[in-house]
S.K.: 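Here it is, the structure, as structure tokens.
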Amino acid sequence: MENLEQIDKEYILHTYSRDYIEFKSGQNAKLYDKNGICYIDFTSGIGVNSLGHNNKNLVESISNQAKMLHLSNLFAIPQQAKLAKKLVELSKDKMRVFFSNSGLEANECAIKIARKYGERSNRFEIITLKNSFHGRSIATLRACGQDKMHKHFAPFPNGFLHASDINEAINIASNKKSVVAIMLELIQGEGGVKAMPRDEIKNLESWCKNNDILLIIDEVQSGIYRSGEFLTSQIYDIKPDIVSLAKGLGGGVPIGATMTSKIDIFEAGDHGSTFGGNLLVSAAGLCVLENLESYKKSGNLDNNIKYFDEKLEQICKDNQRIFTHTSGIGFMRGIKTKNDELLFSIIKKAKQKGVLVLKSGNATLRFLPPLTITKDEIDTGFKALANALNEINAEI
Ligand SMILES: *Cc1c(COP(=O)(O)O)cnc(C)c1O
């Protein structure tokens, strides 16, 4: 038989620079390849496997739901209603939810809400920030504040403006009558794991409220306890008008959700999704939220975040020829490396030593472990990373 790499390269469009390691199984933050070699997973499928691999409760709830997978949104779906209720309760705000299948779709819905909200006052422009990432549809791609992503795919829809920072966003919105919303990530995931300054965000929130500009927070990566709270917005003590969610919500099944306090914005026909919030994904999402809610209450999430933080700070301090500083919040963390070349060799060497780590923009090494990672797994992962860094230190 041909090997996986050959088939993959022959039949899959080449949109990813892929690694051909073959994983066969996983358990919480451990992944095993086809040779039985164990890796500590500090990536959780880019922040998706919030309960880790092979979580007993999640496997059970998905298996139980397999006998009835889908109904269409023409009928009320009990699991979907329960999941929406849970999301709204955890948000501690009065909101309603639209379900879709991915992060970009959650943002697309957010954009549609903003467009409809601005319709009567002839406002439609949405300001996003430099280095932001919001998805890869034509509209959400246009929303990304990274010029390099915009080549090849023009023309783009109108209605998006980029600001270099929050103050500039406020300036633009003050001067242009056509602006209806400002959309941003509180921690830029792809843009270097960069957390926004708290005072600027508080200021932005009150400025937006006073000026009838919607505040859209893209929590596709930062939401669902990734930063230690249900929403990173709660850490910043803000109540956005619109929040988009996806990655960690389904624990591995594809689900996106858009929450808004503009609860009456849509009427039948304004938006829709065939698969959105079907029985299977809603059952999974509900299981993820229930498990994470009790995990948070147990104190283990906060404890392990603290433990992880100590290890991260230590490894940064121990390798000052390679790293400059740590960044991010909770289990959404980065360490800035001196250059991209170093970053790539760390990721490669770390894998050889048994730990999987991610890259982010601005030469940042990125960590998105499963939220249920144990202290033992954290220890093993950082030991492997230290081994990799020792070898790199010896080479430079
Ligand atoms: C991953 C991500 C998206 C896009 O999500 P997809 O599910 O890949 O469409 C959007 N915004 C942020 C902040 C993300 O991290």
Side-chain angles (χ1 to χ4, degrees), residues 13 15-18 42-50 98-114 126-146 149-150 153 160 162 181-196 201 215-227 230-233 235-236 240 242-259 273 275-277 281 284-285 288 327-334 358-362 364 366-371:
L13 283 168
T15 52
Y16 307 101
S17 49
R18 268 195 171 140
F42 281 168
T43 74
S44 62
I46 320 186
V48 167
N49 301 302
S50 42
F98 178 85
F99 287 106
S100 54
N101 315 285
S102 65
L104 85 81
E105 285 172 84
N107 286 332
E108 190 81 23
C109 177
I111 293 165
K112 283 179 76 172
I113 291 169
I126 296 172
I127 302 174
T128 61
L129 295 186
K130 192 176 145 197
N131 293 327
S132 58
F133 181 80
H134 299 294
R136 291 176 180 278
S137 66
I138 293 291
T140 56
L141 198 55
R142 182 69 190 86
C144 295
Q146 306 182 48
M149 297 182 71
H150 298 143
F153 305 112
F160 295 94
H162 295 146
I182 296 173
M183 172 156 89
L184 56 93
E185 301 154 88
L186 292 171
I187 312 166
Q188 289 187 332
E190 307 303 310
V193 200
K194 196 180 133 218
M196 295 293 153
I201 292 294
L215 182 58
I216 306 173
I217 303 295
D218 179 347
E219 295 232 28
V220 167
Q221 193 165 148
S222 69
I224 318 294
Y225 295 98
R226 176 52 59 188
S227 59
F230 169 61
L231 296 177
T232 302
S233 297
I235 293 180
Y236 280 77
I242 308 171
V243 176
S244 47
L245 296 166
K247 291 190 167 89
L249 176 55
V253 302
I255 183 168
T258 311
M259 306 180 71
S273 165
F275 291 121
V281 300
V288 167
S327 64
I329 304 175
F331 273 142
M332 184 166 176
R333 301 299 306 271
L358 291 161
K359 72 174 168 68
S360 175
N362 200 20
T364 304
R366 179 164 49 150
F367 300 79
L368 293 169
L371 305 180

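In listed order, ligands and their atoms are each counted from 1.
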S.K.: Taking 4.0 angstrom as the limit and counting only heavy atoms of Asn107, give me the atoms of ligand 1 inside it, by number and element.
M.R.: 10 (C), 11 (N)
S.K.: Short list, please: which atoms of ligand 1 are under 4.0 Å from a heavy atom of Asp218?
M.R.: 10 (C), 11 (N), 12 (C), 13 (C)
S.K.: For ligand 1, note which part of Glu219 has a heavy atom under 4.0 Å away: side chain, backbone, both or neither.
M.R.: neither
S.K.: Does Lys194 reach the side chain of Ile187, with side-chain heavy atoms less than 4.5 Å apart?
M.R.: no
S.K.: Are the charged groups of Arg366 and Glu190 less than 4.0 angstrom apart, N to O?
M.R.: yes
S.K.: Can you list the ligand 1 atoms lying under 4.0 Å from a non-hydrogen atom of Lys247?
M.R.: 1 (C), 2 (C), 3 (C), 14 (C), 15 (O)
S.K.: Check each of Val48, Ile46, Leu104 against atom 9 (O) of ligand 1 and report the one with the nearest heavy atom.
M.R.: Leu104
S.K.: CG/Asn49 to OG1/Thr43 distance, rounded to the nearest 0.5 angstrom?
M.R.: 7.5 Å
S.K.: Taking 4.0 angstrom as the limit and counting only heavy atoms of Glu185, give me the atoms of ligand 1 inside it, by number and element.
M.R.: 13 (C)
S.K.: Ser102 heavy atoms, cut-off 4.0 Å: which ligand 1 atoms fall inside?
M.R.: 7 (O), 9 (O)
S.K.: Which bit of Ala246 is near ligand 1, meaning a heavy atom under 4.0 Å away: side chain, backbone, both or neither?
M.R.: neither
S.K.: side-chain contact (heavy atoms from CB on, under 4.5 Å) with Ile224: which of Val48, Thr232, Leu249?
M.R.: Leu249
S.K.: Any nitrogen or oxygen of Phe133, main chain or side chain, under 3.5 Å from a nitrogen or oxygen of ligand 1?
M.R.: yes
S.K.: Look at atom CD1 of Ile46 and say whether more than 12 heavy atoms of other residues, nucleotides or ligands are closer to it than 6.0 Å.
M.R.: no
